[in-house]
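Computed from a predicted structure; not experimentally measured. Throughout, a chain's letter reflects where its sequence line sits, starting with A, and its residues are numbered from 1.
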There are 2 protein chains.
Amino acid sequence: MATAVDTEWSEHALATLQAAGLRRGGARVVVVEALAGHDCAVSPLQLDEEVPEVGRASVYRTLDQLEELGLIKRIELTPGVAAFERVEVSGHHHHHAVCRNCGRTEAFEDKALEREISRLAKQASFEITEHDVVLRGLCPRCAG
Amino acid sequence: MATAVDTEWSEHALATLQAAGLRRGGARVVVVEALAGHDCAVSPLQLDEEVPEVGRASVYRTLDQLEELGLIKRIELTPGVAAFERVEVSGHHHHHAVCRNCGRTEAFEDKALEREISRLAKQASFEITEHDVVLRGLCPRCAG
DNA sequence: ATGACTGCAAAGCCTTTGCACGCAA
DNA sequence: TTGCGTGCAAAGGCTTTGCAGTCAT
């Protein structure tokens with residue numbers, strides 16, 4: 001998980017937007033690049049603070065479009081607060097543990113878990129395309 | 001999974017509320033009984049419609065208290081819409097598949113999945129007490 | 001030139017809060 | 001009797017929508 005800006009993703013995202021017939025508008029590009037700098041979930045309002053030059057409505061509109069195109073994924077780690085994460089082209093992804101006291105999160109990956117989930121996805125009557133796993137409890141600091 | 005009212009749960013819930021020093025107020029009892037009649041997630045507004053005699057604020061307040069006491073669990077199946085489910089004393093529970101087109105949900109249980117999750121919970125640095133798994137995709141009807 | 005894109009401000013929705021009355025204990 | 005519990009209405013917070021000007025193509 002790189003801490004640097006994910007240029008591979010942002011280029012892919014901008015290309016996909018373009019392929020979908022959307023213009024490379026200023027606000028759109030700025031939001032995509034802001035997202036490229038986050039390795040984990042960001043809320044729309046956080047993002048809006050990071051890019052004061054972009055109107056809040058445009059941040060929300062861009063997030064909608066990116067989600068629609070499968071470039072980002074929506075998750076809700078804290079009740080009532082939406083958050084978005086990049087979807088890597090590789091399919092590589094992680095899940096989260098969230099502290100119910102302070103909201104701190106920890107990301108984790110697990111192959112065995114993914115295997116069970118693919119198995120379930122296949123046996124479900126739905127055509128499953130994504131999944132979320134969230135573990136909740138107390139972080140080391142809050143558990144004292 | 002019974003389709004009848006879960007009186008075991010509602011009695012346990014009312015007893016727990018009482019043990020927590022809360023009074024057996026009219027609105028509280030009505031909301032608990034309404035919850036006892038749902039086997040899967042219900043939203044606060046749905047619940048409020050079912051019990052017109054109870055003020056909306058009381059529905060929300062009661063849900064907060066029940067969640068606080070671990071008698072119900074909050075999940076978000078649809079973006080921006082909270083939903084609550086009873087927590088069975090037995091610990092027995094299910095997860096959900098949600099249609100991203102029509103919102104229809106399907107509940108499922110899986111022992112192997114639960115095993116993987118307990119394993120992860122143990123190895124995490126957090127003290128994990130609960131977890132959610134949501135599968136998303138298209139239901140048979142929407143997948144056509 | 002043309003219509004998509006943007007920012008701003010207003011409107012919407014769900015949820016929470018304030019307050020005075022009513023009821024459980 | 002006491003103060004918790006409740007309903008109503010107002011306030012809050014996040015998100016969406018309308019509209020007129022601007023910019024990408």
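No more than 12 heavy atoms of other residues, nucleotides or ligands lie within 6.0 Å of CD in A/Glu8, so this atom counts as exposed by the packing criterion. Residue A/Glu68 qualifies as open at atom CD: its count of foreign heavy atoms under 6.0 Å is 12 or below.
Ring planes of A/His131 and A/His95: tilted class, angle from 30 to 60°.
Here D/dG5 is the nucleotide among C/dC5, C/dG7, D/dG5 with the atom lying nearest to any side-chain atom of B/Arg28.
In this structure, B/Glu68 places its CD atom 12 Å from P of C/dT16, rounding to the nearest Å. If you take CG of A/Leu17 and C1' of C/dA4, they are 13 Å apart, rounded to a whole angstrom. Note: CD (B/Glu67) to P (C/dT15) measures 12 Å, nearest angstrom. Computed from coordinates, the B/Leu47 CG to C/dC14 P distance equals 15 Å when rounded to whole Å. The distance between atom CG of B/Leu66 and atom P of D/dG5, rounded to the nearest whole Å, is 13 Å.
Residues B/His93 and B/Glu130 bring no donor and acceptor atom of their side chains to less than 3.5 Å of each other.
Interatomic distance, A/Ile128 CD1 to A/Ile117 CD1, rounded to the nearest 0.5 Å: 10.5 Å.
Between B/Val59 and the options B/Val51, B/Val30, B/Leu45, B/Asp64, a side-chain contact (heavy atoms from CB on, under 4.5 Å) holds for only B/Val51.
A/Glu53 comes within 4.0 angstrom of the backbone, heavy atoms only, and of no base.
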Going 5' to 3' along nucleotides 11-24 of chain D, which nucleotides have protein heavy atoms under 4.0 Å from the base (write B), which only from the sugar-phosphate (write S), and which from neither (write -)? ---SBBBB-----B

